[in-house]
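Below is one structure; the comments refer to it alone.
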Amino acid sequence: MPTFVLGRPLVLSLDDGFLPRRCSGLRRTSTHTSRWSCSASGKPQPPKFNRLVKKTETENGRDTVDPVGFLAELGIYNKAFAQFLRERHKALKSLKEEMSNRFASLMEVSSGYELLGMHRHWQHRVDFMEWAPGARYCSVIGDFNDWSPTENSAKEGLYGRDDYGYWFVILEDKLRDGEEPDKYYFQEYNYVDDYDKGDSGVTAEELFKRMNDEYWEPEEDRFVKSRLETASKLYEQMFGPNGPQTEEELGEIPDAETRYRAWKESHKDDPPSNLPPYDVIDNGKEYDIFNLVDDPVWREKFRAKKPPLSYWLEMRKGRKAWLKKYKPAIPHGSRYRVYFNTPSGALERVPAWATYVLPDSEGEQSFAVHWEPPPEVAYKWKNKRPEVPKSLRIYECHIGISGSGAEISSFNDFKDKVLPHIKQAGYNVIQLIGVVEHKDYSSVGYKVTNLFAVSSRFGTPDDFKHLVDEAHGLGLLVFMEIVHSYAAAEEMVGLSLFDGTNDCYFHTGKRGYHKYWGTRIFKYGDIDVLHYLLSNLTWWIEEYQIDGFQFHSVSSMMYTHNGFASFTGDLEEYCNQYVDKDALMYLILANEMLHELHPNIVTIAEDVTLYPGLCEPTTQGGLGFDYYVNLSVSEMWSWFLQQVPDHEWSMDKIVDTLTSNKQTTDKMLTYAENHNQSISGGKSLAQILLGEIKENASDSNDLMLRGSSLYKMIKLITFTMSGRAYLNFMGNEFGHPSRVEFPMPSNNNSFSLAKREWDLLMDEGLHNNLFSFDKDMMMLDEKKRVLARRAPKIHHVSNSDMVISYIRGPLIFIFNFHPENSYEKYNIGVVEAGEYQVILNTDELKYGGLGSLKGAQCIQRTINRRVDGLRTCLEVSLPSRTAQVYQLTRILRI
């Protein structure tokens, strides 16, 4: 059963997914299903599903998966939780088996953006695909067709809707006046390249004649003239002129050998031919192969002959030819929506996979913008991604409030003005919040409406690419906070009631709504929703070169109570009836996919409940994240400053909060404060410590010194005592004094507080001093690799003296939190006898301190005295509310 590509005989199997165009009733199981194959038994076999799981090697070299492995590793025993992990593992295996009926691998599940949405096709057209299982009719409407719901629609002959609710619409490019349609169905136009051999003016007829004279053997060219005719005739040969039109009518297809022998028997009386004698066999593999079994001359001819690619390439037309012959079906910059006819009536929606969206204005509905700039003006990447460092110093920022004016800042403004500051400040990662398209600006960008689109408030997709590229050029990684835990609930702007039904992307009823925020909760157990969310992660990596994700508020998705419950620490609270097993399986799939396909991608979990196993391998029962956020640290500092007098601070509580956890300590991401303190109705540390100081007041200097001293100490101990990642919100590196308040009706939509006061760094004084300290703190990690080292050894904690000391790598950190007491000769145990020098001191004049330590006091020699369980110690001077970092400069032998 040969079919032909430019006359070359090949073997055709129905297992290959080939369907003649005239047999339009036969459809593949899914618009994105990999091809199936026939086994020797003749039964169709599903493709193998590559589970993409991380594996661990045992001593005998075999790969193992233990769904409760991390519990044993951490020395935890809880029967109920262990049983829950085993059941979750079985459910995940079942889910993957179900997914294997639709997709070949997690790579295919996560690449839906390659098919869904709007894409240029090489046959001078644009293809649009959308998932809307509840709709009865679909079309694309917009500027380009006068918003007509009938002109570009999914109608008979253009595939229409498949069994899973995916709609396929073809938008044909328009012939220019005076141009004739292409004679050959397979005529290809390369829309990207300005020039190729096809623009030389050689016609297809001339190429066919050359091929016939130079390449084909006699009679081999008889199938060249029409691929459509060949496929149609082949179908008639196999099934007759009135053959089956649906998969049900087609029935079970015999195996390849049975089909071949039946075909050979029916053609035994055919006249002799000059074509090569092929025999088709099935050797048990997943595909049919052919052998030339009875003619060595033909076998040698076949092996010696190369495919006629040069002719094919010469037939392809370049962009110049395309521009001469066609006008685009949907020009770059066109506004459009998808139109559905549903049981509830006609609906217009912004496509779920739209990559550029303009929000509604003046009461008008939002619309998508077709983003396909000409190749000569489309953004081209210049810089490579930096390598992932051993420690992460993350600078969290929001593009819109990054300017100093009372307006929404842009990607270009941020690139030109803020990126150089971040590099100068010593951070190695930027983390962007609110960059995905959202309707309500006052939501900080968390009520996402279009998951595949950068926010048009800040600029175009190419503007965002330029920002990421510039950051990479400065050696900065770019993370983004991804919101897959919920979505905007407003209809007509996002995914809510997308196809007219309430259960397309989200749960129905109460389960489908966040208990306190009014947002929608995704239906994580639905394969098409998983397809959408996993593809979204890959999209940001492939299209925008994103280096990592912080998964926002995973507790909102992991529990039906959205994480708003009291947790006592009992492990059964993590496996009871309120836990959403489907959401946990999505997080596992996301981490497996990201780490297998993109090994350098960093994933961070933001979870207030500290779910056990957040950062443990998925093969051992964990969720697979690289880091988790310890939210309790910032809450502790805020509570101390606002509720506890300075002299009553507990050193034990500080140490326990910064180090004790259900998770692995070196996977911890900590911060003294993030944007929540400034934005969500609370106060930032700078506001608490410095915001109420009155100028010219009698006690202003004392209050300024207290605030500045505590601010530096809080940052230093948070930075150096915890894990390998630290985060600072934009402006807090210099003690930004004002809160953030986005424009909203309650403030008359004012932008007065939706900005950062960068001009504070122009003057000498408090904010410059704090910035100098923060910069030197970052440099300490850059030079000494503090965060990349093992967890600190905490050997001195005194609640009465309010002193904490610990060792991390070659450095000794000493903090005196006492508001009044200074210590002239305070004994701190050290491991190595020798000479130690202060390399960072919060009390230095350049940081706004008093400069209490003089030159001789900055170098100390150990004495032979057992302190803190160590054989030798330092006698150091500790002024009140100061911290010092000592480094061993010379070893002494005892």
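Starting from 1, each residue takes its place in the sequence as its number.
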Legend entry - Donor + acceptor pair across side chains of W517, S556 (<3.5 Å): no
Inset, instruction - Output the distance between atom CG (L533) and atom OG (S485), rounded to the nearest 0.5 Å. - result: 10.5 Å
Legend entry - Polar side-chain atom of E491 near backbone of L497 as donor-acceptor pair, under 3.5 Å: no
Inset, instruction - Check salt bridge (Lys or Arg N to Asp or Glu O under 4.0 Å) between R393 and all other residues, then give those that pass, not counting sequence neighbours. - result: D781, E782
Legend entry - Heavy-atom side-chain proximity of Y586 to M557 below 4.5 angstrom: yes
Legend entry - Candidate pair V369 and T460, rule side chain to side chain contact (heavy atoms under 4.5 Å, CB included), full reasoning: CA-CA 10 Å; V369 176; T460 67; over 6 Å; no
Inset, instruction - Compute the centroid of each ring, for W131 and then for F498, and state whether the two points are separated by less than 6.0 Å. - result: no
Legend entry - Pair Y113 and F452, ring centroids less than 6.0 Å apart: no
Inset, instruction - Evaluate the criterion side chain to side chain contact (heavy atoms under 4.5 Å, CB included) for residue pair H675 and V740; output intermediate values, then yes/no. - result: CA-CA 8 Å; H675 66 269; V740 175; over 6 Å; no
Legend entry - Any donor-acceptor N/O pair, N591 side chain to L623 backbone, under 3.5 Å: yes
Inset, instruction - Could you walk me through whether H514 and F564 pass ring-ring contact (aromatic ring centres under 6.0 Å, His included), step by step? - result: CA-CA 10 Å; H514 193 286; F564 287 83; 5.7 Å; yes
Legend entry - Lys NZ or Arg CZ of R520 over Y513 ring: under 6.0 Å, within 45°: yes
Legend entry - Check: H484 side chain, F551 main-chain N or O, donor-acceptor pair, under 3.5 Å: no
Legend entry - By salt bridge (Lys or Arg N to Asp or Glu O under 4.0 Å) - contacts of E543 (at least two apart): K465
Legend entry - Check: T538 side chain, S110 main-chain N or O, donor-acceptor pair, under 3.5 Å: yes
Inset, instruction - Mind checking the CG-CD1 spacing from L614 to I604? Nearest 0.5 Å is all I need. - result: 12.5 Å
Legend entry - Expected output: side-chain S455 to main-chain V435 donor-acceptor under 3.5 Å: no
Inset, instruction - With sequence neighbours excluded, tell me which residues meet salt bridge (Lys or Arg N to Asp or Glu O under 4.0 Å) with E490. - result: none
Legend entry - K380 side-chain N/O to P375 backbone N/O, donor-acceptor pair under 3.5 Å: yes
Legend entry - Centroid-centroid under 6.0 Å between F742 and Y441 rings: yes
Inset, instruction - Step through it carefully: locate the ring centre of H466, locate the ring centre of F411, and say whether they are under 6.0 Å apart. - result: no
Legend entry - Residues forming a salt bridge (Lys or Arg N to Asp or Glu O under 4.0 Å) with K439, sequence neighbours excluded: none
Inset, instruction - Output every pair passing salt bridge (Lys or Arg N to Asp or Glu O under 4.0 Å) with a member in residues 544-556, not counting sequence neighbours, ordered by first then second residue. - result: R385-D547
Legend entry - E542/E114 under side chain to side chain contact (heavy atoms under 4.5 Å, CB included): CA gap, chis, key distance, verdict: CA-CA 11 Å; E542 296 290 344; E114 295 180 353; over 6 Å; no
Legend entry - Test log, rule side chain to side chain contact (heavy atoms under 4.5 Å, CB included), inputs H736 and S684: CA-CA 8 Å; H736 197 282; S684 68; over 6 Å; no
Legend entry - Polar side chain donor-acceptor pair, K715 to N732, under 3.5 angstrom: no
Legend entry - Gap separating the CZ atom of F479 from the CG atom of L727, nearest 0.5 angstrom: 10.5 Å
Inset, instruction - Give, for atom NE2 of H561 and atom NZ of K515, the distance between the pair rounded to the nearest 0.5 Å. - result: 9.0 Å
Inset, instruction - State whether a side-chain donor-acceptor pair under 3.5 Å links Q545 with H472. - result: no
Inset, instruction - Starting from the C-alpha separation in whole Å, work towards a yes-or-no answer on ring-ring contact (aromatic ring centres under 6.0 Å, His included) for Y486 and H552. - result: CA-CA 9 Å; Y486 52 79; H552 171 72; 5.7 Å; yes
Legend entry - Backbone N/O of G563 and side chain of D607: donor-acceptor pair under 3.5 Å: no
Inset, instruction - Answer with yes or no after comparing the ring centroid distance for F128 and H370 against a 6.0 Å cut-off, counting only values under it. - result: no
If you look only at distance, which donor and acceptor atoms sit under 3.5 Å apart when one is on a side chain in residues 415-425 and the other is two or more places apart or in another chain?
| from | atom 1 | to | atom 2 | distance (Å) |
| --- | --- | --- | --- | --- |
| H421 | NE2 | E733 | OE2 | 2.7 |
| K423 | NZ | L474 | O | 2.9 |

Inset, instruction - Give a yes or no on whether a salt bridge exists between R457 and E437, defined as a side-chain N under 4.0 angstrom from a carboxylate O. - result: yes
Legend entry - Contact summary for Y356 and A453, nearest pair of heavy atoms: N-CB, 3.9 Å
Inset, instruction - Give a yes or no on whether the ring-centroid distance for F414 and F458 is below 6.0 angstrom. - result: no
Legend entry - Any donor-acceptor N/O pair, S535 side chain to Y532 backbone, under 3.5 Å: no
Inset, instruction - Output yes when a side-chain donor or acceptor of T603 lies under 3.5 Å from a complementary backbone atom of D626, and no otherwise. - result: yes
Inset, instruction - Check step by step if side chain to side chain donor-acceptor pair (under 3.5 Å) holds for Y427 and D774. - result: CA-CA 10 Å; Y427 292 84; D774 194 88; 2.7 Å; yes
Inset, instruction - Determine whether more than 12 heavy atoms belonging to other residues, nucleotides or ligands lie under 6.0 Å from atom NZ of K384. - result: no
Legend entry - Euclidean distance, M593 CE relative to L534 CG, rounded to 0.5 Å: 5.0 Å
Legend entry - OH-CE distance between Y395 and M778, expressed to the nearest 0.5 angstrom: 11.0 Å
